[in-house]
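All residue numbers in this chain count up from 1 along the given sequence. For the numbers below, each heavy atom of this structure counts, side chains included, while hydrogens, waters and symmetry mates do not.
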Amino acid sequence: MTGMAVVVLALAAVLVAMACAKADWVRSIRRRTYPSGAELPTAAFVVARVVLLTMAALSIWQGAQMLALNSNGKWSDAELTNAVTQTTDDLDGYWYRVDNLTGDNVYFDDYATLIEDTVIRHGGGGAPQSGIGATPTSGDPATDGDYTVQADGTDKAYCLHVETIRYKKQDRTPPGITGGAGSGSYKELAYRLRVTSRKGQC
């Protein structure tokens, strides 16, 4: 993307140079290369300059958009640092429930996914909406443990330690089908996360 932006900006420079060419110089070259041709009117040069400068302006705008897109496609050190700090604060104390029969009440697939989604959410307006990886050292993204968080565009890395704690205070027994007391055999068990982070890979 950067290479294409450089080409577009170089084209813009060529167009500006062509627009700045003096009329007498262009006429002299035309007389040498095309002696029988009619003399170019001044109005033709005015129109040509307007067209060339318009094309140059569009090329500069396009090149700037390409550079901005390339920049927005990568994370900076500061963006990752800020996002990981906020993620640690956000997830430390975060709680959720799972039912005691199937354990399928959690909206996230695993802890790695939860970390990645939260880091992206805290990336800010200038950070990409992708490019984050949370790699579990245990090899199982659904368990407690350490997760190395890295991002495209920066060599920085952070280690997040995740620990799950039973949170009985928020356990819940849903009401029965008729609205009365629910069955004691079915409960929603609450858990809370304890999350810490440090610089470097785990």
Side-chain angles (χ1 to χ4, degrees), residues 1-2 65-202:
M1 185 68 72
T2 302
Q65 293 296 311
M66 290 180 178
L67 290 175
L69 182 61
N70 183 68
S71 176
N72 290 337
K74 295 181 180 179
W75 287 76
S76 67
D77 291 354
E79 288 170 339
L80 180 61
T81 299
N82 183 63
V84 169
T85 300
Q86 293 188 58
T87 295
T88 304
D89 294 340
D90 194 0
L91 295 184
D92 187 37
Y94 174 88
W95 67 273
Y96 59 90
R97 293 190 183 103
V98 298
D99 69 71
N100 63 327
L101 299 180
T102 62
D104 61 358
N105 286 15
V106 186
Y107 80 89
F108 56 89
D109 295 329
D110 49 53
Y111 290 134
T113 300
L114 177 63
I115 293 171
E116 291 169 357
D117 291 345
T118 308
V119 171
I120 289 173
R121 180 159 51 85
H122 288 300
Q129 296 300 300
S130 61
I132 291 291
T135 306
T137 58
S138 64
D140 185 353
T143 62
D144 295 359
D146 296 325
Y147 295 80
T148 297
V149 178
Q150 294 176 294
D152 294 341
T154 174
D155 294 329
K156 272 187 174 293
Y158 289 87
C159 180
L160 267 67
H161 177 73
V162 179
E163 182 181 354
T164 305
I165 304 169
R166 274 285 283 123
Y167 193 25
K168 294 183 179 180
K169 182 179 179 180
Q170 292 294 337
D171 284 357
R172 175 174 177 266
T173 301
I177 297 177
T178 61
S183 170
S185 63
Y186 179 82
K187 294 183 66 175
E188 292 178 354
L189 308 179
Y191 293 87
R192 183 170 57 186
L193 299 183
R194 179 178 294 157
V195 180
T196 57
S197 61
R198 61 175 175 81
K199 291 182 180 179
Q201 298 189 17
C202 299

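The aromatic rings of Tyr96 and Phe108 lie perpendicular to each other, with more than 60° between the two planes, well past the 30° mark.
A cation-pi arrangement, defined by a distance under 6.0 Å to the six-membered ring centre and an angle within 45 degrees of its axis, is absent between Arg192 and Tyr94.
In this structure, Asp171 contributes its side chain and Ala190 its backbone to a donor-acceptor pair below 3.5 Å.
Interatomic distance, Ile115 CD1 to Thr87 OG1, rounded to the nearest 0.5 Å: 8.5 Å. Atom CG in Asp110 sits 8.0 Å away from atom CG in Asp140 (nearest 0.5 Å). We find the CD-CD distance between Gln150 and Gln201 to be 4.5 Å, quoted to the nearest 0.5 Å. The distance from atom OG1 of Thr196 to atom NE2 of His161, rounded to the nearest 0.5 Å, is 5.5 Å. With values rounded to the nearest 0.5 angstrom, Leu193 atom CG is found 12.0 Å from Thr88 atom OG1. Atom CH2 of residue Trp75 and atom OG of residue Ser130 lie 8.5 Å apart, to the nearest 0.5 angstrom.
With a 4.5 Å cut-off on side-chain heavy atoms, Arg166 and Leu189 count as touching. Considering only heavy atoms from C-beta on, Tyr191 stays 4.5 Å or farther from Arg97 through its side chain. Side-chain atoms of Lys199 and Tyr158, non-hydrogen and from C-beta on, do get closer than 4.5 Å to each other.
Here the closest non-hydrogen pair linking Pro141 and Gly139 is CD-O, 3.7 Å. Scanning all heavy atoms of the two residues, the minimum distance from Cys202 to Thr148 falls at N-OG1, 3.1 Å. Nearest heavy-atom pair across Glu116 and Ala134 is OE2-N, 2.9 Å. Across all their heavy atoms, Ile132 and Ala151 have their closest contact at CD1-CB, 3.4 Å. Closest heavy-atom contact between Pro128 and Glu79: CD-OE1, 4.5 Å. Leu80 approaches Lys156 most closely through the heavy-atom pair CD2-O, 3.7 Å.
For the residue pair Asn82 and His122, no side-chain donor N or O sits within less than 3.5 Å of a side-chain acceptor on the partner. One side chain, Tyr111 or Thr164, offers a donor N or O that lies under 3.5 Å from an acceptor on the other.
By the 6.0 Å contact criterion, CZ on Arg194 is open, its count of non-hydrogen atoms from other residues, nucleotides or ligands being 12 or less.
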Practice prompt. Quick one: do Tyr147 and Thr135 satisfy side chain to side chain contact (heavy atoms under 4.5 Å, CB included)? Show the steps, please.
Written response: CA-CA 5 Å; Tyr147 295 80; Thr135 306; over 6 Å; no
